[in-house]
Amino acid sequence: MAVITSSSSSQQLQVHRFPQNNYIDSLGFLPQLSSFHRHILLATFNSDSSNSSLQLLNLTQKTSNSDSNSPEITLQSSLTTPSRISSLKTSQNPNKPLIAASTFSGDLLVYKADLVNGSLDFLNSVKGFHSGRVAGIDVSENGSEFVSVGEDGRINLVSFVNGGLSSKRVFDGNGLVSYGAVKWASPVEFVSGGLGFGLQWWDQRRPGGPVSQFKGNWTHGSTSGIVHSIDIHPSRKHTCLAGGSSGTVFAWDLRWQQQPIILAGVGTSDLSALSPSESDVWEVHYDNYTTSSNYRNISESRVLPAMICSEDGILAVIEQGEEPVELLAEPCAINSFDIDRQNPSDIVCSLEWESIAILTRS
Amino acid sequence: MPGLTSESDDLAMVPVSPEPENHPAVIYPLHHGLKSPIHRLSISWARGNTLQVSVLGKPQSDMATDVDGSEGGGGRVVEVKLSNSGDEEVDAARWRRIAYGSVIPFALLQSRKHSLSAMSLDNPPYKAQWWEHVIEYSKEINSLLGDRKSPPRSIIEDPKSVVIETAEPMCLKAAWELLEIFYVDKQSQSWIPERLLDWLADYDPLFSGTVPTIHSKFVDFQQELAGVQVVEEDPNYWEAIASALSVGWLGTVVKLLRLHGSYRFDQLASRETENGLVEAVALLISKMPRMRPNLREENLGECYKTKPDFMKAWEKWRAQITKLDCSSYWLQCDHQQTREGLKNLIQIMLGNPSVLSNATFNWMELFISHFLYVRPFTAGLESMYNLAQKCMQLKPISSPHKLFGLVLGILGENTEVVLAECSRSFGPWMMAHAVELLTAGSTHAEILLHEEQSKLGGISIEELHKLVYAQVLSSHAFTWQIAPIYLTSCIKQGIGLLENLLYKQPVQHSQILLKSIEICRLYELDTISSNIMRIAGLHHWKHGRKGSGVFWLQQARDEFRLNRIAKQLFDFVGKSVSDEGFKQWEGLIELLGSESRTAGGLEFLNKYRDFRRSLLQVHGDTPTDGARNAAEALVSLMKNPSTPQRFWLPLLYDSLKLLNWQERPLINVSQTQLLLNKLQELSMARLRPDFVEADLPSDSLSSIRLALATNLGRAILEE
């Protein structure tokens, strides 16, 4: 475990690294029971044994001799999964959160975590509703509905019916399109993203196709990219944040449809939108930490601050019209990260070199 | 060569070692689940150090007599993972962690080498700078191999704990430190004996398995100590002290001496002289002059930085010992064991060779003890080597430890031996990283390692080892992405092998594909990058993911293939475009959207979609302007050379309502003539054998003709 404390003018940052001896495919915080008792969920893969598993880690603060608290993680429960996990999402039900895991072989697996006893239980699964890897999933706010997209161009909805899972195909692109990410916008609407920096707005009340489409042809020159991750802030459901190839992060406001707000990107001439990264942005999340204090002060037209992680090892906060703040610059890729919802100063991220890092901002 | 033994139904693989005594056979069972008899076996290498064994049962025809016949014939492919060696001190996950950790120091050193070599390395100031860099590199790699754990500090120290438990020491780290001591750390050149002493203190436990050591003796004594009441009457107590003293573990010696019974309050009065002698020896030991800048924790002595100071102190110290040796107090000491034990210690300090030989258990320990008490002013590798040879004769060992071989190679200044020992015992990681230490520390090694060897195909030994290590990295799914860092530091073969590595990665896995492209971007391998994209594009296309296929071919700017797949794509479009299924195409067409991007023949699809959109908006009651836009789109489509001929007729047929527009003609004379010409061209093309008939009603052609003719008439009238 290595500790790095860096302090910039505004904030202090503590980084703790924990080697895992397994590749981390996806990870996330689980809703916390108490501020001293938190859990992290990992989807790991061991290529030597070709085993993939879900691991429930207990995160505690160890009060050491020095004044800073250092986090400590202990493995509480581990469950072998039938296939490698491509994406992991949890519902925010505090006692027994649901975990939705999509796999490399096109399945959806649903687990229930018992945080009090620290155990994971398999609930149900939908097999082979995508052909090939499921690229992204999302759980609806109430935890009862899952939407999934895949490289095969399918969009599926899975919901609980009479205790079982029932899946419904919303759209089948028959491979003519490929999706890379999906995110719920409201109980009936969601946004998908994929090739060519395209975003599609779907409304279950108007089936058959996307109700609105955004194609990213602002990138001058001959290269385009792929959207890897999407986020939508619950307070601004009309704005969709997306991150993808070449360090590109942009927001698409439904009210100004064909004009993206570029927050970061290599090809832009706008200096304030210089990207902290030049390669794939794997994940984007709105960063509530920075906004918790002056949340109301940010005007409606400005995009809320966002955090990104990238292939070239950058974890950074980007804000419209301001220089990005780098939290981590690793020698290897940062594949995914999660911000603790209840405690947004804490971040967990997975590093390509088989370890995870826990960051605490103060 | 792996041999095969067949035991009952199951097979096992037993590697046969050329030295069977040293390496007991490892058995890898093969669980193939097939019924005997096994008909054929074939073995091939799989990824990494895995063997792929194909086990084939008897063919079906021979098994006809088999009654149940359920599993008759058939075969199974089993993968056998061969472990690195018999004794694995580092497991696979730990190895990977070492591999990850060494990337940054290695890459930093390479880039520094690169920038310094531009300024000529032979220049003294740059040479010195280079030293600094190599030392920094060596320290970082060393820290990666594990920390020297300081003993746990409890508030109440157990006086009887004498064995210092270091965190499981590693041979790999021990070997690295040896190289660091002899090749890199120029500052410690003057006190190499003391560094070796520290080294032995850290790694003596490593030898316990192969040869007798002081450490193993101490572990035994520690257990015994707990039950002993009067330590000074136990001969093991005095032996342990003598051994510790002989290899310079002075802290331990003094600690043990203080356990002596004469220190106890109830006995202090009656054993005053005895206690005085014990304390005098302990004091002398703790005042021993040491030729080193500072002491490590748990060690005693007085440090001297320069040789003259040290020599002066040494002479004085020896005089004090001799004085004590001749003291009359010995006669007053009644306790025989104490007297003999202490006298023995004095003999050690005076450098009595036979006493030293008795106190130590292997030549390495004897070697160190000679440095300390017999030849404290030894300097230079040659005299050290001679001393080592002498010690080996005194304490021969049947099966030498791998580190002993390395020590001898270094002392003998024999680079070939050092290389061979490193390679044999520590593998490719060590070779790739230690080369930097060797070349920095020895001119002979530098020449040997940097010389281009014709028998290696013109590459140097240094490059060979980096390439080998890169191959090892490439063989694992998690480490292949750090191989490029090592490959790019190889001037001759590196880039070629990097190309191979990148082409070998599976393109169907999007993460790996993006990673490969990212590596190409970092090393400016644009051609490889577009080739990979092209391969990915074709792969996706062939597997029915047309969108991804088109996307990657566009990224690769492969006009040729885009045109080729355009033909196939139009077949689909031709059928589905007129109905609801067209919705599916929207996404793909969006992808083709922007003008600036390469689309090849697919550009047509985009225009076609726009035309269809405007056509769908045209109803009987639309204003003429809307209809006129649709008509304009039709004409521009028909004019465009990229519009495939087979679409001409369907296009015109779909636009019949435009041609027959009631209000006024939407298409002017010249435009109508163009359309008529196209129709004419089409009838000519019909005569060719490769013409594909459009799937339209039989009267479509005549109704188009009629509509065009009518339109022409109306247009002429209007003009």
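Chain naming here is simple, since letters A, B, ... match the order of the sequence lines and numbering starts at 1 in each. Treat the numbers as computed from the prediction; the structure is a model and nothing was measured.
The contact between A:F104 and chain B is made entirely by side chain atoms (from C-beta outward), counting heavy-atom distances below 4.5 Å. Looking at B:H509, only its side chain comes within 4.5 Å of chain A, counting heavy atoms on both sides. Using a 4.5 Å cut-off between heavy atoms, A:E151 contacts chain B through both its backbone and its side chain. B:L522 does not touch chain A: none of its heavy atoms, backbone or side chain, sits under 4.5 Å away.
Between A:Y179 and A:H130, a ring centre-to-centre spacing not shorter than 6.0 Å is recorded. When ring centroids are compared, B:F106 and B:Y469 stay outside the 6.0 Å threshold.
Between B:S516 and B:W480 there is a side-chain heavy-atom pair separated by less than 4.5 Å.
Judged by distance alone, the side chain of A:N156 and the main-chain N or O of A:F129 form a donor-acceptor pair under 3.5 Å.
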